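What follows is a set of notes on a single structure, which appears directly below.
Sequence positions, counted from 1, serve as the residue numbers for this chain. Computed from a predicted structure; not experimentally measured.
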Amino acid sequence: MQIRAITNGVERAAYKLSGKVYKCFPPSSNRASTAREFDSIEDAAAFLCRNRGWGIRMNPGSAIIYDNIVIHLDDLMFA
C-alpha cells in the first residue's frame, strides 16, 4: 500500500517519522499534540478515509499534505 500526493508538480509519499510512526494531522494543524500516530500505513490510510480533511506527513520536504491524497492498494483483498 502507498499513500501519495502530487502538489505543485512534486510527487510526495507518506513516510514514517524517525522510522517509527506515520502521523496524521487535523485540518490546518501542524502541532504534534493534535496528531494521531499509526504504526502501519494501512491504519493511517483507513484513518484518512474515515476522516476527510485530515493530512499526513509526506516527503520530500517533510510537508503535511491535506489535499489530493491518493491511496494505492497493491494486492490487497477485502473479505
Side-chain angles (χ1 to χ4, degrees):
M1 175 177 284
Q2 301 173 353
I3 301 176
R4 298 197 174 278
I6 297 178
T7 54
N8 299 325
V10 176
E11 184 173 342
R12 301 177 187 274
Y15 72 100
K16 284 188 170 186
L17 293 172
S18 301
K20 296 180 182 178
V21 293
Y22 295 95
K23 285 196 175 186
C24 294
F25 294 81
S28 302
S29 174
N30 64 356
R31 295 187 328 219
S33 63
T34 63
R36 296 283 310 269
E37 296 182 354
F38 301 93
D39 293 326
S40 75
I41 195 143
E42 292 84 5
D43 290 342
F47 179 82
L48 289 172
C49 288
R50 288 190 310 272
N51 295 277
R52 303 280 172 133
W54 280 61
I56 189 166
R57 181 83 59 187
M58 295 188 165
N59 263 335
S62 190
I64 301 169
I65 303 299
Y66 298 94
D67 299 313
N68 303 317
I69 296 172
V70 175
I71 298 170
H72 179 88
L73 305 172
D74 317 281
D75 302 324
L76 189 61
M77 305 250 328
F78 293 96

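Pro60 approaches Glu11 most closely through the heavy-atom pair CD-O, 3.4 Å. Taking both residues in full, the closest heavy atoms of Leu48 and Gly55 are given as CD2-O, 4.0 Å, listed atom of the first, atom of the second, then distance. Minimum interatomic distance between Pro27 and Gly53 (heavy atoms only, all atoms of both residues): CG-O, 3.5 Å.
For the side-chain hydrogen bond (donor to acceptor under 3.5 Å, both in side chains) test, residues two or more places apart in sequence or in another chain that qualify with Arg12 are Thr7.
Identified under the side-chain hydrogen bond (donor to acceptor under 3.5 Å, both in side chains) test for residues 15-31, with sequence neighbours left out: Tyr15-Ser62, Lys23-Glu37, Ser29-Thr34. Residue pairs meeting the salt bridge (charged side-chain N to carboxylate O under 4.0 Å, His left out) criterion with at least one partner in residues 43-64, sequence neighbours excluded, are absent. For the salt bridge (charged side-chain N to carboxylate O under 4.0 Å, His left out) condition, no pair includes a residue of residues 58-72, sequence neighbours left out. Residue pairs meeting the ring pair (Phe, Tyr, Trp, His ring centres under 6.0 Å) criterion with at least one partner in residues 35-65, sequence neighbours excluded, are Phe38-Phe47, Phe47-Trp54.
Residues Ile6 and Asn68 have side chains not in contact (no heavy-atom distance under 4.5 Å, counting atoms from C-beta outward).
Through direct or indirect side-chain contacts shorter than 4.5 Å among Ile, Leu, Val, Met, Phe, Trp and Tyr, Tyr66 is connected to Phe25, Ile64. Other members of a hydrophobic cluster containing Val21 are absent, since no ILVMFWY side chain comes under 4.5 Å of it, directly or through relayed contacts.
For the atom pair Ile56 CD1 and Arg36 CZ, the distance stands at 12.5 Å (nearest 0.5 Å).
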